[in-house]
Engineer: 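My structure is below; once you've seen it, I'll send some questions.
Within every chain, numbering begins at 1; the chains are lettered A, B, ... in the order of the sequence lines, protein sequences first and strands thereafter.
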Number of protein chains: 4
Amino acid sequence: MASFKGHALPGSFFLLIGIWWSLKYPFRHLSQKGKSRKRNLYQKIEIIEAGIRLAFAIIGMLAEQFTPEGDGPKLHLYNDQDWIKLMNWQHTTMYLMYGLSGLMDMLTILFPDVPLGLDRLVMALSAITEGILFYYHVHNRPPLDQHIHFFLLFPLFGGAISIFIEVFLRDNIVLELFRTTLIITHGSWFWQVGFVLYPPFGSPTWDETSHSNIMFITMCFCWHYIVSMVIVAINYSLTYGLINRMKRSQGEENIGIQKLTSSYNSQQALLNDTDEE
Amino acid sequence: MASFKGHALPGSFFLLIGIWWSLKYPFRHLSQKGKSRKRNLYQKIEIIEAGIRLAFAIIGMLAEQFTPEGDGPKLHLYNDQDWIKLMNWQHTTMYLMYGLSGLMDMLTILFPDVPLGLDRLVMALSAITEGILFYYHVHNRPPLDQHIHFFLLFPLFGGAISIFIEVFLRDNIVLELFRTTLIITHGSWFWQVGFVLYPPFGSPTWDETSHSNIMFITMCFCWHYIVSMVIVAINYSLTYGLINRMKRSQGEENIGIQKLTSSYNSQQALLNDTDEE
Amino acid sequence: MASFKGHALPGSFFLLIGIWWSLKYPFRHLSQKGKSRKRNLYQKIEIIEAGIRLAFAIIGMLAEQFTPEGDGPKLHLYNDQDWIKLMNWQHTTMYLMYGLSGLMDMLTILFPDVPLGLDRLVMALSAITEGILFYYHVHNRPPLDQHIHFFLLFPLFGGAISIFIEVFLRDNIVLELFRTTLIITHGSWFWQVGFVLYPPFGSPTWDETSHSNIMFITMCFCWHYIVSMVIVAINYSLTYGLINRMKRSQGEENIGIQKLTSSYNSQQALLNDTDEE
Amino acid sequence: MASFKGHALPGSFFLLIGIWWSLKYPFRHLSQKGKSRKRNLYQKIEIIEAGIRLAFAIIGMLAEQFTPEGDGPKLHLYNDQDWIKLMNWQHTTMYLMYGLSGLMDMLTILFPDVPLGLDRLVMALSAITEGILFYYHVHNRPPLDQHIHFFLLFPLFGGAISIFIEVFLRDNIVLELFRTTLIITHGSWFWQVGFVLYPPFGSPTWDETSHSNIMFITMCFCWHYIVSMVIVAINYSLTYGLINRMKRSQGEENIGIQKLTSSYNSQQALLNDTDEE
């Protein structure tokens with residue numbers, strides 16, 4: 001969908017997942033010190049996340065094939081003369097691969113016989129797939145169009161390398177936060193591409209051959225990345241504050257109850273459990 | 001051999017090895033938990049596999065040099081004016097390197113004094129060799145021809161990196177399954193190249209300069225990879241089902257025999273051994 | 001700032017940090033064998049270093065925006081027709097990212113809840129950011145200009161890879177010395193760029209299209225790197241000599257005191273502590 | 001030295017070191033199982049090897065600067081108009097860096113305070129330096145000249161990656177044998193370049209624009225690598241045979257002596273020591 005909406009949709013998907021990760025990973029990292037009881041809870045969350053990612057992919061595929069405006073290929077690939085709507089088919093393929101990544105995540109959590117790490121491998125491969133598709137996407141286009149699409153490749157290939165390392169170094173918080181900043185940048189950059197190539201609010205179009213526009217776009221990408229780092233840093237701090245408050249209030253409660261009576265210990269343990277979950 | 005057969009032959013070799021690996025690695029991974037008794041059996045299987053890969057390479061070399069149609073160089077490299085049939089010689093070199101990889105596998109298993117990991121190194125190098133040969137293969141050809149051959153390089157260099165990591169992380173099931181999907185894609189893509197460049201059943205030739213054909217081929221490669229992942233997933237599940245059934249039937253047998261008599265234990269152990277092998 | 005000063009300023013920053021590292025890392029490596037008491041001291045030093053790097057970045061940003069000659073954009077990004085002074089804005093972005101790296105270092109040391117390794121990740125990313133900015137910086141320029149700027153990329157991307165490995169292999173002296181040589185080369189090369197493109201003392205300008213100038217620059221870069229290795233080697237030796245002298249004089253003192261009296265041991269330990277810190 | 005000799009000299013240096021390594025590394029790997037007594041002997045050998053590599057570098061530098069034919073720059077870098085003999089200066093730089101690598105090896109062995117791994121780092125960097133110099137060496141030359149020089153880069157950058165891994169995985173026999181095959185190929189390829197570009201025995205010159213010559217050279221490089229693997233394999237086997245014979249003869253001696261008398265045990269131990277060293 002070569003339109004503003006066609007870039008805003010995947011952009012929003014990536015942004016949402018990125019924001020969610022920027023809360024999930026700090027929370028798990030900061031809260032799990034010395035506790036292994038909540039494993040069950042986390043597994044449920046991971047399955048829900050994987051399901052949502054799968055749903056995003058299916059929505060994306062349907063939008064590419066059956067857009068209301070009627071310009072989708074509607075699953076037809078070939079007519080007598082030529083291929084039909086290859087652009088939409090390429091985007092469908094991209095969503096399909098991300099859908100498989102969500103599915104793989106679910107399988108890895110549900111079935112202990114699926115080797116751990118395959119989920120990360122498929123996630124890395126789905127980033128590479130998007131990268132390959134975009135790389136050959138923009139041949140024969142104006143310089144600015146090529147240049148702005150090209151910056152989608154940095155988070156994709158950088159992310160693929162980082163996620164591939166996670167196959168071997170699972171649950172490494174540094175790699176997870178790196179991945180989070182990359183996916184936020186990737187999402188916000190889709191919006192940037194939409195704003196530049198298909199100005200939505202009747203704003204004037206950009207000169208797609210101007211060298212200074214290209215220079216600005218280069219710098220603008222760095223700013224996107226810096227903002228995504230700031231977002232992750234803020235969410236990390238918020239999570240940290242929240243967890244500390246939870247611990248303190250729970251600690252005070254415990255102390256109060258211990259003062260009243262210490263014979264209800266087993267009951268208390270159960271209550272605590274419920275609180276935490 | 002610039003013909004349909006010349007691409008179908010190596011394609012079939014890679015596909016066969018890929019399908020075999022998609023059964024071998026899951027089986028070993030799922031069955032070996034806590035058992036080290038079958039090591040001997042696996043070594044025999046590995047030697048046979050290496051022998052078959054060596055045989056494939058020899059068949060390939062002979063086919064390139066002495067094709068029945070008589071267009072092979074028949075081991076002549078140079079005549080008075082020019083090099084003879086360099087294309088066939090390049091393919092021969094490719095097969096030779098894969099043959100050496102098979103040989104190295106045999107040596108590593110047979111002689112404990114050959115350092116473990118050399119087999120993986122030579123396998124990675126044989127993929128790089130094929131990559132180098134193909135990279136310089138397609139200069140001065142039509143765009144579609146270049147593009148479609150270019151995608152042979154992704155599984156080759158991706159595979160070389162992955163196999164090189166296996167030098168240090170041997171028997172890692174994630175890397176092994178990754179290698180399996182890559183070799184299946186590599187094999188099926190050889191068939192695709194054959195169908196596109198040398199349509200076998202009198203079907204019309206493709207327009208080798210069309211941009212939309214190039215876009216389709218890009219996407220088609222992703223589909224090949226997705227199908228190869230699905231094949232590996234199915235074979236993994238089948239293996240899992242088979243192993244579970246084997247365990248259960250064996251378990252029932254054991255229980256039944258234990259009810260009858262427990263004095264034949266040593267005899268039973270021998271029978272079990274024979275069953276498993 | 002496309003001027004001699006505009007290259008000398010960042011060059012000096014990088015050189016100063018490089019020289020400082022060439023003393024800090026050997027000192028820490030050679031003195032810490034079997035001692036963990038000085039951890040507190042090193043943390044203070046690290047915080048000061050991070051603060052200085054942050055200050056350098058702020059100075060750089062101010063210089064780019066509000067140069068006394070009045071050619072900075074003064075925080076204006078856009079006027080009616082075009083972007084304003086994009087070159088200065090790009091340099092500002094570069095300094096900003098290095099400032100964030102300094103800030104991240106401070107946070108990692110001050111707050112134990114910030115995951116160790118994030119400081120190295122941000123440092124690697126700031127090198128990559130500079131690399132991306134410079135890569136697209138020099139389009140449409142004379143060959144020599146492109147070539148000489150291009151060599152800024154070797155230490156940047158080489159350094160980024162090396163620093164990224166430090167995320168996982170922290171406090172590895174080989175990687176730290178490698179990083180030190182790269183940053184010294186990076187700094188001295190900025191000076192070289194300034195001397196070649198904007199000869200400061202009225203010396204004749206270089207022919208920016210001459211092939212032999214390009215060949216000389218290639219070799220000259222290797223010489224810069226060799227000199228930076230020699231500087232690090234000399235500083236390593238000096239540090240080694242200094243630490244040995246310190247140990248010996250301290251040892252003699254200890255022996256002398258032990259001869260006089262052994263009843264002041266606890267007092268002596270306190271004195272030693274003060275000496276060392 | 002753009003001549004046959006100028007390529008044969010470095011080629012011979014690399015070949016000699018490669019052949020030596022193909023004997024040293026197998027010998028150390030096969031003989032050291034369970035013995036740490038010979039460490040002293042190996043250190044002496046390593047120092048001699050590093051010294052010889054340093055000598056090679058000095059010979060190379062002198063040959064480039066003061067060739068008997070009188071076409072060296074004789075340490076003059078610049079005259080009134082232009083740079084003098086930059087080609088020779090570039091080769092001098094290459095030898096200088098390899099000389100530093102030899103020096104670093106000596107320092108690492110002699111001084112335990114020099115961090116282990118720095119020798120490998122400098123070796124990797126000297127390969128990268130040669131790679132950078134050659135990459136910019138061959139601009140504006142005929143296609144075959146560029147192509148044949150380009151293949152010098154594969155062993156250089158492949159080797160640099162492999163040697164960089166050795167910083168962390170020291171004494172890994174697989175990486176050492178890989179390095180050995182690469183340096184042999186590098187050396188033999190220098191000879192090949194000499195034979196193709198400066199045919200020594202009055203043989204006809206090659207057509208430097210012919211596509212089939214380029215195709216042959218691509219394949220020829222693979223053959224060089226295969227031959228270097230075969231050489232390493234043969235030397236590995238020879239070393240294995242030699243060590244087994246040594247062990248057996250020593251074993252028989254021991255048994256014979258034990259039959260005669262077992263009271264000379266302490267004396268015998270001394271004799272064995274002398275034998276082995």
Side-chain angles (χ1 to χ4, degrees), chain B residues 73 77-101 103-104 107-108 111-126 128-141 157 160-161 164-170, chain D residues 25-26 28-31 33 143 146-148 150-151 153-155 157-158 161-162 165-166 168-169 171-182 185 204 206-207 210-230 232-233 236-237 239-241 243-244:
Chain B
L77 178 60
Y78 197 76
N79 63 16
D80 292 350
Q81 297 100 36
D82 206 354
W83 308 101
I84 300 170
K85 303 259 174 205
L86 275 180
M87 212 72 131
N88 292 48
W89 273 104
Q90 287 206 344
H91 295 164
T92 309
T93 306
M94 180 191 100
Y95 283 119
L96 175 60
M97 197 71 195
Y98 280 111
L100 287 177
S101 166
L103 192 68
M104 196 70 227
L107 292 174
T108 312
F111 302 104
D113 280 303
V114 174
L116 218 68
L118 271 189
D119 48 350
R120 294 291 183 272
L121 181 70
V122 176
M123 197 188 277
L125 289 168
S126 58
I128 287 177
T129 304
E130 194 195 333
I132 291 174
L133 288 171
F134 269 114
Y135 183 80
Y136 292 107
H137 202 76
V138 291
H139 273 283
N140 308 338
R141 302 245 202 122
F157 288 115
I161 293 168
F164 187 69
I165 297 172
E166 283 190 71
V167 172
F168 311 103
L169 286 172
R170 207 185 174 79
Chain D
Y25 289 122
R28 209 203 49 204
H29 175 69
L30 290 165
S31 71
K33 282 170 186 163
Q146 283 195 28
H147 192 69
I148 201 168
F150 189 76
F151 279 109
L153 301 181
F154 278 96
F157 289 114
I161 292 168
S162 165
I165 297 173
E166 283 190 71
F168 311 105
L169 286 173
D171 293 334
N172 180 306
I173 183 71
V174 176
L175 289 175
E176 286 167 346
L177 292 180
F178 182 40
R179 169 152 55 95
T180 304
T181 56
L182 288 175
T185 311
W206 292 47
D207 177 0
S210 144
H211 183 65
S212 67
N213 276 346
I214 285 177
M215 274 184 76
F216 171 73
I217 284 299
T218 309
M219 183 171 59
C220 185
F221 178 76
C222 299
W223 293 357
H224 273 253
Y225 190 73
I226 289 170
V227 169
S228 84
M229 287 202 298
V230 170
V232 171
Y236 195 93
S237 314
T239 314
Y240 179 72
I243 284 175
N244 265 18

Engineer: As an exercise, state the distance from CD1 of Ile148(D) to CZ of Phe216(D), rounded to the nearest 0.5 Å.
Structural biologist: 9.5 Å

Engineer: Examine whether an atom of Leu125(B) lies under 4.5 Å from a heavy atom of chain D, and if so say whether it belongs to the side chain, the backbone or both; otherwise answer neither.
Structural biologist: side chain

Engineer: Can you tell me which portion of Ile214(D) sits under 4.5 Å from chain B's heavy atoms? Options are side chain, backbone, both or neither.
Structural biologist: neither

Engineer: How would you list, by chain and number, every residue that makes a salt bridge (charged side-chain N to carboxylate O under 4.0 Å, His left out) with Asp171(D), sequence neighbours excluded?
Structural biologist: Arg28(D)

Engineer: Relative to chain D, which segment of Phe164(B) carries a heavy atom at a distance below 4.5 Å: side chain, backbone, both, or neither?
Structural biologist: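 Only the side chain of Phe164(B) comes within 4.5 Å of chain D.
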
Engineer: Going through the checks in order, is the side-chain contact (heavy atoms from CB on, under 4.5 Å) test met by Ile161(D) and Phe157(D)?
Structural biologist: CA-CA 6 Å; Ile161(D) 292 168; Phe157(D) 289 114; 5.5 Å; no

Engineer: Less than 4.5 Å to any heavy atom of chain D: does that hold for the side chain of Leu96(B), its backbone, both, or neither?
Structural biologist: side chain

Engineer: Tell me every residue that passes side-chain contact (heavy atoms from CB on, under 4.5 Å) with Phe151(D), counting only those two or more places apart in sequence or in another chain.
Structural biologist: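 For Phe151(D), the residues satisfying side-chain contact (heavy atoms from CB on, under 4.5 Å) (neighbours in sequence not counted) are Ile132(B), Tyr136(B), His147(D), Phe154(D), Trp189(D), Ile217(D), Thr218(D), Phe221(D).
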
Engineer: With a 4.5 angstrom heavy-atom cut-off, is it the side chain or the backbone of Asn213(D) that approaches chain B, or both, or neither?
Structural biologist: both

Engineer: Would you say Arg120(B) and Thr108(B) make side-chain contact, with heavy atoms under 4.5 Å?
Structural biologist: no

Engineer: For Phe111(B), is it the side chain, the backbone, both or neither that has a heavy atom under 4.5 Å from a heavy atom of chain D?
Structural biologist: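 No part of Phe111(B) comes within 4.5 Å of chain D.
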
Engineer: Examine distances only and state if a side-chain atom of Ser126(B) and a backbone atom of Tyr98(B) form a donor-acceptor pair shorter than 3.5 Å.
Structural biologist: no

Engineer: So what's closer than 4.5 Å to chain D heavy atoms on Leu121(B): side chain, backbone, both or neither?
Structural biologist: side chain

